[in-house]
Number of protein chains: 2
Amino acid sequence: MVKMSTKSRYGTRLVLDMARHYGQGPVQLADIARRQQVSVKYLEQLVIPLKLAGLIESVRGVKGGYLLTMEPRLITVGRVVDVLERGQNLVPCTDDPEKCRRAPFCATRCVWVDVERAIRDTLDSYTYQDLLEMEDTLMGGKGEDHVQPDRDGSFYESEERGSA
Amino acid sequence: MVKMSTKSRYGTRLVLDMARHYGQGPVQLADIARRQQVSVKYLEQLVIPLKLAGLIESVRGVKGGYLLTMEPRLITVGRVVDVLERGQNLVPCTDDPEKCRRAPFCATRCVWVDVERAIRDTLDSYTYQDLLEMEDTLMGGKGEDHVQPDRDGSFYESEERGSA
DNA sequence: TTAATCCCTAGTAATTTACTATAGTATAGA
DNA sequence: TCTATACTATAGTAAATTACTAGGGATTAA
């Protein structure tokens, strides 16, 4: 069907990790990388647009890190995905009918526009506060850095590259 | 955000073209290619899975072609996209939690599952009969092969490869 | 001063996408 | 029967995208 990039997925987890530590000072990428099992180098890329969009801010130097600029309940997954996938549409013509001569009388375009709206609405229906609560429920505990990788290091979404 | 492939988009138009000619005998790919401005070779690829899925059937030889096996009102866009993108998920773990160790306590996964459902629901809410009627409304006419390419040949979705 | 951080610009291998090519097989109609 | 018109099947491939990785530089707490 349609695929969601690791950029959006890892980015969503990155922000969720920061939401988990909201109000506790800056969080280091190295810690997030360890907890979320994503390389620091990759996280560094995700953090740039999030900062430019004003969703997070950074503290440089020792004991530095990143923090959310607002409460988790004020940030939706849709906002984060939107920032990370800026300018990407489901179909080129959905945002600009001028891109396709067919647009004015294209019935399929109406479908794509509607699908895009559905995706956006769904993503916007989840705030990071919601995600924190869902995570707590799923864990059954009080939720604090509960997720730990296996001792062999193999972990989450490890089959990203290999399997079709 | 997430992108929809040309496979799904052209395939949707391919079936819509066949729906437009439903009950009028087999339609040749060469004609669809001309009307929809997609190469015959590419259409040939799209037609294979649709035939295997039983949505269309073929007639070989001169005056042959393809036809829908059922009325346009019985086929949804979702069904066609599903056939063309078989085995593709929004995120690897949505169909099979086993693919990711994190799945049992992953809040973000719940979001992806919900988004996928929203996409599917929306795509399934449109039948080809709906699309035919939408097209008629958009055209303002009685709708029969009304869409013609420009004399210079440049046409629909021409910026597929070039622009970002 | 030093080590821990974030910051910045590239680079790149693997994969996927969006096609194209070549060589058929089946059939209607002359 | 011949032939042009279709569909059928299997490869191949250039371009684009994805998912990273590398190698430094700038900032700051201790």
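As the structure is a computational prediction, the values presented were derived from the model and not from experiment. To find a chain, count down the sequence lines: A is the first, B the second, and so on, and within it residues start at 1.
Between Asp31(B) and Arg34(B), at least one side-chain nitrogen of the basic residue sits less than 4.0 Å from a carboxylate oxygen of the acidic one, meeting the salt-bridge criterion.
Nucleotide dA19(D) holds its C1' atom 14 Å from the CD atom of Gln88(A), rounded to whole Å. Between Met4(B) atom CE and dT16(C) atom P there is a gap of 18 Å when expressed in whole angstrom units. Note: CD1 (Ile32(A)) to P (dC6(C)) measures 8 Å, nearest angstrom. Rounded to whole angstrom, the span from the CD atom of Gln28(B) across to the C1' atom of dC7(D) amounts to 10 Å. Across the protein-nucleic acid pair, Tyr10(B) atom OH and dT17(C) atom P stand 14 Å apart, rounded to whole Å. Atom-to-atom, CG of Asp31(A) to C1' of dA4(C) comes out at 12 Å; the value is rounded to the nearest Å. The CD atom of Glu85(B) sits 12 Å away from the C1' atom of dA18(C) (whole-angstrom rounding). Look at CG on Leu14(B): it is 11 Å from P on dC7(D), rounded to the nearest Å.
Between Pro49(B) and Val83(B), the shortest heavy-atom distance links the atoms O-CG1, 3.4 Å. For the pair Lys7(A) and Tyr42(A), the tightest heavy-atom approach, listed with the atom from each and the gap, is N-OH, 3.8 Å. Residues Leu67(A) and Pro26(A) come closest through the heavy atom pair CD2-N, 3.6 Å.
Sorted by residue number, the members of residues 42-51 of chain B with any non-hydrogen atom under 4.0 Å from DNA chain C read Tyr42(B), Gln45(B).
Residue Thr6(A) has no polar side-chain atom (N or O) positioned under 4.0 Å from OP1 or OP2 of dT18(D). Between Ser58(B) and dT8(D) there is a side-chain N or O to OP1 or OP2 distance below 4.0 Å. Between Ser39(B) and the phosphate of dT20(C), there is a side-chain N or O to OP1/OP2 separation shorter than 4.0 Å. Residue Ser5(B) places none of its side-chain N or O atoms closer than 4.0 Å to OP1 or OP2 of dT16(C).
For Val113(B), the side-chain contact (heavy atoms from CB on, under 4.5 Å) partners at least two apart in sequence or on another chain are Thr94(B), Arg109(B). Partners of Tyr22(B) according to the side-chain contact (heavy atoms from CB on, under 4.5 Å) rule, which considers only residues two or more places apart in sequence or in another chain, are Leu68(B), Glu71(B), Pro72(B). For Lys63(A), there are no side-chain hydrogen bond (donor to acceptor under 3.5 Å, both in side chains) partners two or more places apart in sequence or in a different chain.
With a 4.5 Å cut-off between side-chain heavy atoms of Ile, Leu, Val, Met, Phe, Trp and Tyr, the cluster of Leu52(B) takes in Ile48(B).
Using a 4.0 Å heavy-atom cutoff across all strands shown, Val38(A) reaches no nucleic acid atom at all. Looking at heavy-atom distances under 4.0 Å, Val27(A) makes contact with sugar-phosphate atoms alone, never a base.
Residues Arg13(A) and Gln37(A) bring no donor and acceptor atom of their side chains to less than 3.5 Å of each other. At a cut-off of 3.5 Å, with distance as the only test, no side-chain donor of Thr122(A) or Asp114(B) sits close to an acceptor on the other residue.
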Letter by letter from the 5' end, nucleotides 25-30 of chain C scores (B base, S sugar-phosphate only, - none; protein heavy atoms under 4.0 Å) BBBB--
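Among the nucleotides dT8(D), dC19(C), dC6(C), the one closest to the side chain of Lys41(B) is dT8(D).
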